Amino acid sequence: STKQLVSLVSEVYKPGMRILDVGCNAGHYLRGLRRLDLSLDYTGVDAYEHYIKRARDIFSDDPHAEFQIRDIFKPLSPDDPFDIVFCCNVILHLPDFRVAVRNLLETTKRVCFVRTLLAENTTVVKVAITQEFTSDGEPLDFAYQNTWQSSYFVEFVRGLGWDVELI
């Protein structure tokens, strides 16, 4: 997915633009983006402190990279939007995409790339991490692996005033 992201970003990126990576993990997309511009202004955010600490260690010598602990369910940076925002392989792991996507778009000036699972139907899936369940059969520890109906996702984004292109 790094090659695809770098290719897509290269089509819209101009030097001086600010980029926000939401759900950055340890910042692995940054290495690929550096091929576009060694001084690219990059901010990576993730909800998990251990990923941010790791990213800060890995990229400690990069003066153009910043990493922050942020929650996708809260406003990300609406008062200081980024030119390009991307969120890859995160939305499918959330119980619902709407608040997260709204927050992504509210912090975007120009282009927002979202990589997630879309299909003909919405399927909400809880993948059990352990084999411990409640008396109702709900897993005690799980991860979402949701697929959203393409038209539902697109209509939601268009309803927020954005154009949508599915790739």
Side-chain angles (χ1 to χ4, degrees), residues 1-2 4-30 32-34 36-37 39-56 59 62-119 122-125 143-167:
S1 66
T2 300
Q4 181 189 39
L5 177 70
V6 170
S7 175
L8 292 169
V9 169
S10 73
E11 294 176 16
V12 295
Y13 175 76
K14 292 180 177 51
M17 286 185 162
R18 295 173 56 230
I19 294 182
L20 177 65
D21 176 358
V22 179
C24 70
N25 197 292
H28 60 274
Y29 289 116
L30 179 54
L33 291 168
R34 281 285 171 248
L36 297 177
D37 183 350
S39 61
L40 177 138
D41 186 347
Y42 170 96
T43 300
V45 300
D46 202 288
Y48 297 102
E49 183 178 3
H50 61 276
Y51 289 138
I52 295 302
K53 284 182 177 179
R54 190 161 181 230
R56 287 174 179 161
F59 296 99
D62 189 332
H64 304 288
E66 179 181 355
F67 296 92
Q68 304 171 2
I69 301 166
R70 302 299 290 273
D71 182 346
I72 197 168
F73 290 110
K74 296 181 180 167
L76 295 164
S77 185
D79 297 329
D80 190 19
F82 288 77
D83 298 290
I84 300 170
V85 174
F86 63 86
C87 181
C88 298
N89 307 316
V90 173
I91 300 296
L92 68 147
H93 298 297
L94 305 177
D96 187 356
F97 72 87
R98 293 172 294 180
V99 170
V101 168
R102 183 178 288 114
N103 287 338
L104 291 171
L105 295 174
E106 285 178 353
T107 197
T108 302
K109 275 188 200 177
R110 293 178 174 38
V111 179
C112 181
F113 296 105
V114 175
R115 181 183 174 104
T116 195
L117 298 175
L118 299 176
T122 293
T123 306
V124 177
V125 176
Y144 284 102
Q145 195 153 357
N146 299 330
T147 303
W148 302 102
Q149 182 184 45
S150 298
S151 60
Y152 178 58
F153 189 90
V154 167
E155 288 169 20
F156 177 80
V157 174
R158 286 187 176 144
L160 296 174
W162 288 82
D163 291 330
V164 178
E165 179 182 351
L166 298 179
I167 300 171

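Residue indices begin at 1 and follow the sequence shown. All of these numbers come straight from a predicted model, not from anything done at the bench. All heavy atoms count here, side chains included; hydrogens, waters and symmetry mates do not.
- Of the possible donor and acceptor atoms, one in the side chain of N103 sits under 3.5 Å from a partner among the backbone N and O of K74.
- Y48 and H50 have tilted rings, their planes meeting at an angle from 30° to 60° on a 0 to 90° scale.
- Taking OG1 of T123 as the start and CD of Q145 as the end, the distance is 11.0 Å to the nearest 0.5 Å.
- For the atom pair CG of L94 and SG of C87, the computed distance is 7.5 Å after rounding to the nearest 0.5 Å.
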List the atom pairs, donor and acceptor, that lie under 3.5 Å between side-chain atoms in residues 17-27 and the rest of the protein, sequence neighbours left out.
from: R18; atom 1: NH1; to: D80; atom 2: OD1; distance (Å): 3.2
from: R18; atom 1: NH1; to: P81; atom 2: O; distance (Å): 3.0
from: R18; atom 1: NH2; to: D80; atom 2: OD2; distance (Å): 3.4
from: D21; atom 1: OD2; to: Y42; atom 2: OH; distance (Å): 2.7

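- Around NZ of K109, the count of heavy atoms belonging to other residues, nucleotides or ligands within 6.0 Å exceeds 12.
- Judged by distance alone, with hydrogens and angles left aside, the side-chain atoms of T147 form no donor-acceptor pair with the main-chain N or O of L118 at under 3.5 Å.
- The structure places SG of C112 at 12.5 Å from CG of D83, a figure rounded to the nearest 0.5 Å.
- T43 contributes no side-chain N or O that, together with a main-chain N or O of E66, makes up a donor-acceptor pair within less than 3.5 Å.
- Atom CG of residue D41 and atom CG of residue L33 lie 12.0 Å apart, to the nearest 0.5 angstrom.
- Across all non-hydrogen atoms, the minimal contact from R70 to P75 is NH2-O, 3.4 Å.
- Among residues at least two apart or in separate chains, ring-ring contact (aromatic ring centres under 6.0 Å, His included) pairs with a member in residues 75-116 are Y29-F86, F97-W148, F97-Y152, F97-F153, F97-F156.
- Atom CZ of R34 has more than 12 heavy atoms from other residues, nucleotides or ligands within 6.0 Å.
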